[in-house]
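These notes concern the structure reproduced below.
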Amino acid sequence: MGRVLTSDVAKHAGQEVNLRGWLHKKRLIGGINFILLRDRGGLVQVVVQDEAELEKLRSLQVGTVLSISGKAVEEPRAPGGAEVHNPKITVDVAVNEEPPIEIDKPLSHEPEHLDTLFDNRVIGLRNLREQAIFKIQAEVEEATSRYLKSQDFVQFNSPKLLPGATEGGAEVFKLDYFGKEATLAQSAQFYKQILVGVYERVFEINPTYRAEPSATTRHMTEFITIDMEMGFVTLTELLDLLSNSVNAVVDDVWQKCEAELKAWDAKKPVLSAQFPALTMAEIHKKYTEATGEDTTNELDLIPKEERWICQYAAKELGSEAVYVTEWPVADAKFYHKLYDDRPHLAERFDLLLRGVEIATGSMREHRYDKLVAQLKEKIGASPDDPGFKYFLQAFKYGMPPHGGFGMGLERLTEKIIGLANVKEATLFPRDINRLAP
RNA sequence: GGGGCUGUGGAGCAGCGGAGUGCUCGUCUCCCUGUCACGGAGAAGGUCGCGGGUUCAAAUCCCGUCAGCCCCGCCA
């Protein structure tokens, strides 16, 4: 007789079933005792009345691996409406050590408890509510892939070990590479653009590394980026595609992860079909008028402004997601395309969701001569530098107008669920202070 | 990197100059036949982050140091 999952016990009511899993909780009442068994399907209650069977579990801790055979029974008094009676218990792997944290009840996500949460991540992830986060994240990733593929995008994987110089801006990790210096990729930027010259529409979902000494609720040194790039498009078309992607992902997740979202009391984001777009200047003006705090000289949005404009968009524009467009050239990267008629502004945008920047994108300068000029002017780099040489080759031999974005998978998951810190939506977070587990 | 706050048994907290570091959860033993954060009785478990100083007396006040959290800068 094969193995039955805890989630299928109800379907086998009246039959003998074999279960395998972990001891999740013991509730010893006396003559009747309840133990919860956990497997990949979830939890099921096993009723133990035979003292000899119960004795096998004496002093064994949560986490003990068990095989249990017994009779599946429909029982309205049981959690989930079914349970297992008259179990024969086999202890496969005995656990005698008391676990460092209790996993049968919700783990605290209070900021001051996150260190404990991550120190004990290996065990804490066995908590059903913690697992739910990463089931949702897996579905976000899956839904993103599915949507982009439906729009003719080709998935790729770019190298994360790169030669010294890169796009500039953020700090990079340096490492020894057989006596030479290498860096960890701070984005797939150059590779995805290069691949527009091959496939027109491409994306990857892979790790990204930033050596920023940031200590915030939004930053990590390693995170997963959904990087996409598409050719023969305008900024408007790019924004539409991103709106469509996020809508598709949210709809999909709400359809497939109902139980997991409920565990976090997640509220489905209110999103318009195409997200509203406000220019940087408009937002500064509105914020300054509304709060009296003058931000009109800022290049970027300050975090308070990001939160404020999201509330404004939710209330006035019917969308919890909002684009910020028309960025000052002073804050632009060398590969960003400037507006031809207004060269003080870049065709760049951020996507804000529920107060946090979840994606950044732009149209790219696709004309070789202009791109080389911007490279020299913006970061003083040589087109012959090994970090830029191959990137520029693509342009030398023909690149169409194109643009793309990078979206943080963990930030997207965080905001979909309604968590407060990006690390809560990261399996094993890496930040300035944490490199393990 | 700058500013603020916090470190007390395995987890979460209280005590904030004076008697024996107290509580909740967990762990162990015993009782309990429908629990579901079960309940009841008992027990074990702490150099109060670390170092120095002030004081008759320091978990408590001061200085340093280490660790963590939040905000800012930067970004996904």
Side-chain angles (χ1 to χ4, degrees), chain A residues 24-36 43-51 54 58-62 73 75-81 83 85 95-120 123-124 167 169-171 186-189 205-227 298-307 331 333 350-353 356-361 405-415 420-423 425-426 431-434:
Chain A
H24 194 71
K25 178 71 179 175
K26 286 194 269 190
R27 276 193 276 270
L28 309 183
I29 307 303
I32 190 164
N33 302 284
F34 303 98
I35 66 172
L36 296 180
L43 299 178
V44 75
Q45 176 164 284
V46 178
V47 181
V48 189
Q49 290 179 280
D50 182 338
E51 277 188 37
L54 188 66
R58 171 177 288 270
S59 79
L60 292 184
Q61 303 291 323
V62 167
V73 174
E75 171 54 71
R77 288 175 294 182
E83 61 188 13
H85 286 187
V95 174
N96 297 299
E97 294 288 318
E98 177 187 357
I101 50 170
E102 299 162 54
I103 61 162
D104 62 302
K105 45 190 91 164
L107 304 183
S108 173
H109 280 237
E110 293 298 315
E112 58 271 34
H113 300 161
L114 290 180
D115 204 38
T116 305
L117 185 71
F118 299 136
D119 278 347
N120 299 296
I123 306 305
E167 57 176 295
E171 293 288 323
Q186 54 170 265
S187 81
Q189 187 63 39
I205 303 176
N206 272 327
T208 300
Y209 303 90
R210 305 271 166 92
E212 298 286 350
S214 302
T216 76
T217 55
R218 313 183 288 290
H219 291 88
M220 296 185 292
T221 50
E222 177 176 2
F223 57 95
I224 308 289
T225 307
I226 300 165
D227 257 310
E298 298 280 343
L299 289 179
D300 198 345
L301 297 182
I302 62 173
K304 270 192 285 185
E305 232 173 349
E306 292 183 345
R307 294 189 284 270
D331 206 28
K333 298 267 177 67
D350 272 8
L351 174 61
L352 308 182
L353 175 65
V356 166
E357 175 187 336
I358 61 160
T360 293
F405 59 81
M407 183 153 60
L409 176 65
E410 296 91 342
R411 283 191 185 180
L412 179 58
T413 310
E414 172 202 351
K415 287 297 141 187
N421 189 319
V422 70
K423 291 165 205 166
T426 306
D431 65 22
I432 188 168
N433 297 312
R434 181 174 289 280

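Note: hydrogens, waters and symmetry copies are ignored here, and every other heavy atom, side chains too, is used. Proteins get letters first, then strands, A, B, ... in listed order; numbering begins at 1 in each.
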Practice prompt. Indicate, with a heavy-atom threshold strictly under 4.0 Å, whether Pro79(A) touches base, sugar-phosphate, or nothing.
Written response: base
Worksheet item: To the nearest angstrom, how far is Asn421(A) atom CG from C69(B) atom P?
Response: 8 Å
Worksheet entry | Donor on one side chain, acceptor on other, His219(A) and Thr216(A), under 3.5 Å | yes
Worksheet item: Contact class for Ser59(A) (heavy atom, under 4.0 Å): base, sugar-phosphate, or nothing?
Response: sugar-phosphate
Worksheet item: Considering only heavy atoms and no angle criterion, is a donor-acceptor pair shorter than 3.5 Å present between the side chain of Gln61(A) and the base of U27(B)?
Response: no
Worksheet item: Contact class for Pro213(A) (heavy atom, under 4.0 Å): base, sugar-phosphate, or nothing?
Response: base
Discussion item. By the 4.0 Å heavy-atom rule, please label Gln45(A) as base, sugar-phosphate, or nothing.
Written reply: base
Item to complete: Under 4.0 Å between any heavy atoms, over every strand shown, what does Gln49(A) touch: base, sugar-phosphate, or nothing? Just pick one.
Response: base
Worksheet item: In terms of side-chain heavy atoms of Lys105(A), which of A76(B), A11(B), A37(B) is nearest?
Response: A37(B)
Item to complete: Could you check Ala359(A) against Glu75(A) and say which one's nearest nucleotide on RNA chain B is further toward the 5' end?
Response: Glu75(A)
Item to complete: Please round to the nearest 0.5 Å and tell me the distance separating atom CD1 of Ile101(A) and atom CG of Leu117(A).
Response: 7.0 Å
Item to complete: Taking atom P in both U55(B) and C70(B), compute the distance separating them and give it to the nearest angstrom.
Response: 40 Å
Worksheet, complete the sentence: Ranking G26(B), G34(B), A76(B) by distance to the side chain of His219(A), first place goes to A76(B)
Can you give me the N/O atom pairs linking the protein to nucleotides 13-15 of chain B at distances under 3.5 Å, or say none if there are none?
| from | atom 1 | to | atom 2 | distance (Å) |
| --- | --- | --- | --- | --- |
| C13(B) | OP1 | His113(A) | NE2 | 2.7 |
| C13(B) | OP2 | His113(A) | NE2 | 3.3 |

Item to complete: Quickly work out the Leu114(A) CG to A11(B) P distance and round it to whole Å.
Response: 15 Å
Fill in: Separation of Glu83(A) CD from Arg77(A) CZ (nearest 0.5 Å)
7.5 Å
Discussion item. Nearest whole Å is fine: how far is G10(B) P from Asp119(A) CG?
Written reply: 14 Å
Discussion item. I need the CD1-P distance between Ile302(A) and C75(B), as an integer number of Å.
Written reply: 15 Å
Worksheet item: Rounded to the nearest 0.5 Å, how far apart are CG of Leu412(A) and CE of Met407(A)?
Response: 5.0 Å
Practice prompt. Determine the Euclidean distance between corresponding P atoms of G17(B) and G42(B); express it in Å to zero decimal places.
Written response: 33 Å
Item to complete: Sticking with atom P, work out how far G49(B) lies from U6(B), rounded to a whole angstrom.
Response: 13 Å
Discussion item. When the P atoms of C23(B) and C71(B) are compared, how many Å lie between them, rounded to an integer?
Written reply: 36 Å
Worksheet item: What nucleic acid atoms does Glu222(A) come within less than 4.0 Å of, heavy atoms only: base, sugar-phosphate, or nothing?
Response: nothing
Discussion item. Looking only at the side chain of Glu357(A) (C-beta and beyond, no hydrogens), which of the listed nucleotides C70(B), G26(B), A76(B) gets closest?
Written reply: A76(B)
Worksheet item: Between Asp119(A) and Arg434(A), is there a salt bridge with N-O shorter than 4.0 Å?
Response: yes
Worksheet item: What's the closest nucleotide to the Arg210(A) side chain, out of G73(B), C32(B), A76(B)?
Response: A76(B)
Discussion item. Can you check the distance between U60(B) and G7(B), where both ends of the measurement are the P atom (answer in whole Å)?
Written reply: 11 Å
Discussion item. Using atom C1' in both nucleotides, what's the gap between G45(B) and G9(B) to the nearest angstrom?
Written reply: 6 Å
Item to complete: Return the value, rounded to whole Å, for the distance between atom CG of Leu299(A) and atom P of G73(B).
Response: 12 Å
Practice prompt. Report yes or no: is there a donor-acceptor pair, N or O only, under 3.5 Å between the side chain of Arg218(A) and the base of C71(B)?
Written response: no
Item to complete: Classify the nucleic acid contact of Asn433(A) as base, sugar-phosphate or nothing, counting any heavy atom under 4.0 Å across all strands shown.
Response: sugar-phosphate
Worksheet item: Choosing from C75(B), A11(B), U35(B), which nucleotide comes nearest the side chain of Asp300(A)?
Response: C75(B)
Discussion item. I need the CD-C1' distance between Glu212(A) and C72(B), as an integer number of Å.
Written reply: 14 Å
Discussion item. Ignoring hydrogens and geometry beyond distance, is the side chain of Glu98(A) in donor-acceptor contact with the base of G45(B) at under 3.5 Å?
Written reply: no
Worksheet entry | Heavy-atom donor-acceptor pair, Ser214(A) side-chain to C74(B) base, under 3.5 Å | yes
Worksheet item: Given atom CD of Glu306(A) and atom P of C74(B), what is their separation to the nearest angstrom?
Response: 11 Å
Discussion item. Over all strands shown, is Ile224(A) touching base, sugar-phosphate only, or nothing at heavy-atom distances under 4.0 angstrom?
Written reply: nothing
Worksheet, complete the sentence: Per nearest nucleotide of RNA chain B, the residue lying toward the 5' end, Arg58(A) or Arg434(A), is Arg58(A)
